[in-house]
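Indexing begins at 1, ligand by ligand and atom by atom, following the structure's order.
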Amino acid sequence: MTEPRTAELTANLARVRARIAAAAQAAGRDPAEVTLVAVSKTFPAADVRILADLGVTDFGENRDDEAAAKAAELAELGLRWHFVGQVQRRKARSVASYADVVHAVDRQPLAAALDRGAHARSAPLDVLVQVSLDPPEQAGNRGGVDPAQAVELAQQIAELPRLRLAGVMGLAPRHGDPGPGFDRLVLVAADVQTVAPAAVIVSAGMSADLVAAVSRGATLVRVGTALFGGRPIRSEDGPPGG
Ligand SMILES: *Cc1c(COP(=O)(O)O)cnc(C)c1O
């Protein structure tokens, strides 16, 4: 007999994969181009195990203590851990010890702290430049570099020996159609690729807007609620300010 939670996660995963596939096909894209990151914050390691058994390889977290504990408990599964939230500089060393990809790098000092923190790693740490997609008057509290500064930050990251610039990340503006913001992110990604050709990840789209993101060119979606269900309210679980 299948456990109820296994049945629930199986059904949710099938629905999310179907949404990604439909959006990709409608845009003339191969669904295999889109990486699904299951954002497991607030949910137990047991849930991660169930999704891993179902073939999910990439998981996202946004709090260092919780992420470190899950990554350690599940180390034998060989999962890829994505740190999707803002990183406090004093946490950079810890995050760099278990994360495979850090999504929200929006300033040089944070990149430098991650580079120092990555000294004991056997492989470089993949990082994404977080680009603010908010209108200028609302930019700020959710992090993200101004789109016009993204290439400069990418160049600074490229100089750090233990980091590998893997792409860009964005949060859709809080209100209105997310499409134009995602279009802007895809354009910034192309600019960044002129200085870092391997920076091919476009991390955009969450439960509510993953179809819009995939149809505009996202190569990675970060999905929490649509997979795991609703979360208890916790201030940092936004997504930031969302
Ligand atoms: C929590 C979070 C997500 C997942 O959001 P859902 O709406 O639950 O899918 C994605 N990205 C970031 C940065 C987050 O903090």
Problem - Heavy-atom donor-acceptor pair, K41 side chain to E66 backbone, under 3.5 Å - result: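 Checking the backbone N and O of E66 against the side chain of K41, no donor-acceptor pair under 3.5 Å is found.
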Exercise for the section: Please answer whether the main-chain N or O of R142 pairs with a side-chain N or O of Q130 as donor and acceptor at a distance below 3.5 Å. Expected result: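 Yes; judged by distance alone, with no hydrogens or angles, the pair exists.
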Exercise for the section: Drop me the distance from L125's CG to I157's CD1, to the nearest 0.5 angstrom. Expected result: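 Separation between the atoms: 10.5 Å.
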Under 4.0 Å to a heavy atom of [X] - the qualifying atoms of ligand 1, by number:
{"X": "R222", "value": "4 (C), 9 (O), 10 (C), 11 (N), 12 (C), 13 (C)"}
{"X": "K41", "value": "1 (C), 2 (C), 3 (C), 14 (C), 15 (O)"}
{"X": "V223", "value": "9 (O)"}
{"X": "T225", "value": "6 (P), 7 (O), 8 (O), 9 (O)"}

Exercise for the section: Using a 4.0 Å heavy-atom threshold (strictly under), name the region of H103 that reaches ligand 1: side chain, backbone, both or neither. Expected result: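 Near ligand 1, H103 shows nothing, with every heavy atom at 4.0 Å or more.
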Exercise for the section: Name the option, out of S207, A204, S40, G143, that contains the heavy atom nearest to atom 9 (O) of ligand 1. Expected result: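 Among S207, A204, S40, G143, the closest heavy atom to atom 9 (O) of ligand 1 belongs to S207.
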Problem - Under 3.5 Å: N/O of G224 near N/O of ligand 1 - result: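 Yes, G224 has an N/O under 3.5 Å of an N/O on ligand 1.
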Practice task
For R49, check side-chain hydrogen bond (donor to acceptor under 3.5 Å, both in side chains) against everything at least two apart and list the hits.
Solution key: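 R49: side-chain hydrogen bond (donor to acceptor under 3.5 Å, both in side chains) contacts with E76.
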Problem - Set of residues satisfying side-chain hydrogen bond (donor to acceptor under 3.5 Å, both in side chains) with respect to D126, sequence neighbours excluded - result: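 Per chain and number, D126 pairs via side-chain hydrogen bond (donor to acceptor under 3.5 Å, both in side chains) with R164.
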Exercise for the section: Flag the pair K70 and E73 as a salt bridge only when some basic side-chain nitrogen lies within less than 4.0 angstrom of an acidic carboxylate oxygen. Expected result: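 No, no charged N to carboxylate O under 4.0 Å.
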